[in-house]
Amino acid sequence: MKKHLRKGSLTVEASLLVPFLMLLTFVFLCLCLYLHDRSVLSSCAAELAGKGAVRKYQTEKELEDWLCGQAAGLARGKLLALRELQASVKVTRDKIVVSYQGRSGLLGGLEIHEQEEARRINPVARLRVSRGLKKIGKGAEERR
């Protein structure tokens with residue numbers, strides 16, 4: 001009689017263990033997809049901020065419109081879990097801020113918010129400042 005009960009115990013243990021392992025596997029897969037999409041959005045935001053920083057002869061409005069157009073297409077096709085995606089770009093005289101917001105249907109609706117910023121580069125102003133510093137340095141040496 002005991003031998004017969006031992007044979008059935010494996011089935012009972014498996015029926016309790018297999019659903020738990022499947023749940024863990026599903027949660028792990030969902031988190032991997034979430035982290036992948038988060039990484040993609042972070043790199044897309046950094047890439048767009050960098051692209052905008054080197055466009056030096058455009059007004060804030062022109063640059064913001066161009067970056068908004070680029071933002072929509074840059075992340076398309078790279079995301080695995082996100083269904084709702086919004087991109088926003090804010091351009092000021094000194095910096096560019098690119099942010100993505102998304103929502104996934106996995107695990108009750110995980111949300112992603114990634115933001116990157118870059119300083120706008122103006123090489124002409126930088127050269128003028130460095131030349132001005134050199135003149136100040138030369139004037140200090142001549143006074144000695």
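When reading the values below, keep in mind they use all heavy atoms of this one structure, side chains included, and skip hydrogens, waters and symmetry mates.
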Participant: Contact between Met22 and Thr25 at the side-chain level, heavy atoms closer than 4.5 Å - yes or no?
Facilitator: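 Not touching, per the 4.5 Å side-chain cut-off.
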
Participant: Do you know the tightest heavy-atom contact between Cys44 and Ala75?
Facilitator: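 Distance-wise, the nearest heavy atoms are SG-CA, 4.1 Å.
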
Participant: Other than Leu63, what residues sit in its cluster of Ile, Leu, Val, Met, Phe, Trp and Tyr side chains whose heavy atoms are under 4.5 Å apart, directly or through others?
Facilitator: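 Grouped by the 4.5 Å side-chain rule, Leu23, Phe26, Val27, Leu31, Tyr34, Leu35, Val40, Leu41, Leu48, Trp66, Leu67, Leu74, Leu79, Leu82, Leu85, Val89, Val91, Ile96, Val98, Tyr100, Leu107, Leu110, Ile112 form the rest of the cluster around Leu63.
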
Participant: In Å and rounded to the nearest 0.5 Å, what is the CZ to CZ distance from Arg103 to Arg83?
Facilitator: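 Rounded to the nearest 0.5 Å, the CZ-CZ separation comes out at 13.5 Å.
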
Participant: Inspect the contact between Glu114 and Arg38 and indicate whether a charged nitrogen and a carboxylate oxygen are less than 4.0 angstrom apart.
Facilitator: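 Salt bridge flag = yes for Glu114 with Arg38.
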
Participant: To the nearest 0.5 angstrom, please state how far the CD atom of Gln101 sits from the CD atom of Glu84.
Facilitator: 11.0 Å

Participant: Can you give me the closest heavy-atom contact between Ala118 and Ala53, atom names plus distance?
Facilitator: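 Looking at all heavy atoms of both residues, the shortest contact is CB-CB, 4.1 Å.
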
Participant: Would you mind reporting whether His113 and Gln115 have side-chain heavy atoms less than 4.5 Å apart?
Facilitator: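 Yes. Closest side-chain heavy atoms under 4.5 Å.
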
Participant: Counting C-beta onward and ignoring hydrogens, is there a side-chain heavy-atom pair between Glu60 and Arg120 closer than 4.5 Å?
Facilitator: yes

Participant: Work out which heavy atom in Ser104 is nearest to a heavy atom in Ala81; give both atom names and the distance.
Facilitator: OG-O, 3.4 Å

